[in-house]
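First listed ligand is number 1; within each ligand, the first listed atom is number 1. From a predicted model like this one, the values you see are computed outputs, not experimental measurements.
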Amino acid sequence: MAKIIRAQRAKKALVRSVPKKGPKKAAKAQAKTKGKTAPSAKKSSKKSKPSKATVSKPNVSKPWTPAEVREVFERFQKANPEPRGELEHLNPFTLLVAVVLSAQATDAGVNRATRELFKVADTPQKMLDLGEERLRDYIRTIGLYLTKAKNVIALSQKLLTDFGGEVPRTRAEIESLPGAGRKTANVVLNMAYGEHTMAVDTHVFRVGNRTGLAPGKTPLEVELGLEKIIPSEFMLHAHHWLILHGRYTCLARKPRCEVCLINDLCRWPEKTV
Ligand code: SF4
């Protein structure tokens with residue numbers, strides 16, 4: 001029954017019109033290869049928890065071969081050789097703060113707040129000098145801002161006390177900071193220090209499951225699955241390619257299979273091509 005309902009939804013999605021707003025850079029690159037226009041970044045960038053409705057089981061009867069996995073990342077690389085994260089930052093500290101602020105919030109919403117904040121507080125000491133109360137004023141448009149303000153002040157303090165004012169370079173040390181978890185550590189290690197980590201957000205979780213590249217019930221399972229199969233030469237950018245793919249092409253409710261670069265390889269039984 002559930003399968004019939006999902007199939008009907010997928011069919012309905014096909015006849016809906018394409019969003020009017022213009023695409024972002026990465027989506028353009030992907031859509032261009034198929035001669036289509038990418039969707040509105042605004043609509044698709046909203047973060048949500050992975051749900052069963054949008055992450056159903058891939059066809060595991062046909063496992064991915066190493067050659068197919070390589071093919072996927074070669075296509076992503078060709079379409080977008082230097083993918084960039086969308087959280088604005090100036091240095092490892094502001095990246096860390098931006099990632100902590102981004103939990104349950106959109107990157108665009110975080111950027112609107114941090115553009116002004118980072119002009120006055122781009123180091124742990126300056127953040128402490130700003131103080132929790134004034135920090136709240138900068139970030140009050142971001143969800144959970146009271147808790148996040150507390151965490152940013154506490155992590156700034158800890159960076160000064162325990163790490164000489166620098167953002168540490170190990171997962172355990174980053175995870176010891178208030179408000180920072182595994183995903184934060186993975187993003188910071190990858191973007192600030194060039195480590196081959198895989199941060200799994202809602203988009204990567206969905207793509208990993210739908211395509212069958214790395215099925216998993218938890219973000220950690222998907223993370224470890226992806227790390228296991230992605231060739232090392234693609235790992236520096238793999239996280240961004242998968243996020244951008246999920247954000248602009250493999251959308252939660254209406255995946256754009258018709259313009260998807262990997263639609264011939266994807267194992268999702270409900271893909272619309
Ligand atoms: S074909 Fe592409 S867009 Fe469609 S479900 Fe698979 S990965 Fe997502």
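For E82 and R84, the salt-bridge test passes: some basic side-chain N is under 4.0 Å from an acidic carboxylate O.
When E258, R206, H245 are checked for heavy-atom proximity to atom 7 (S) of ligand 1, H245 turns out nearest.
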Practice problem: Mind running side-chain hydrogen bond (donor to acceptor under 3.5 Å, both in side chains) on T170 and E173 for me, showing each step along the way? | Solution: CA-CA 5 Å; T170 70; E173 288 171 325; 2.8 Å; yes

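C257 lies close to atom 4 (Fe) of ligand 1, since one of its N, O or S atoms is found at a distance under 2.8 Å. Within the 2.8 Å limit, C266 places no N, O or S atom next to atom 2 (Fe) of ligand 1.
With rounding to the nearest 0.5 Å, the separation of CH2 in W64 from OG1 in T211 is 5.5 Å.
Residue N263 touches ligand 1 through backbone and side chain together, judged by heavy-atom distances below 4.0 Å.
Within a 6.0 Å sphere centred on CD of E132, heavy atoms belonging to other residues, nucleotides or ligands number more than 12.
Formation of a donor-acceptor pair under 3.5 Å by the N190 side chain with backbone atoms of A199 is not found in this model.
From the protein, the heavy atom lying nearest to atom 8 (Fe) of ligand 1 is C250 SG, 2.4 Å. Among all non-hydrogen protein atoms, the one lying nearest atom 2 (Fe) of ligand 1 is C260 SG, 2.4 Å. For atom 5 (S) of ligand 1, the closest non-hydrogen atom on the protein side is W268 CE3, 3.2 Å.
Ring centers of H89 and F118: at least 6.0 Å apart, outside the cut-off.
Taking a cut-off of under 4.0 Å to the non-hydrogen atoms of T211, the atoms of ligand 1 that pass are 7 (S).
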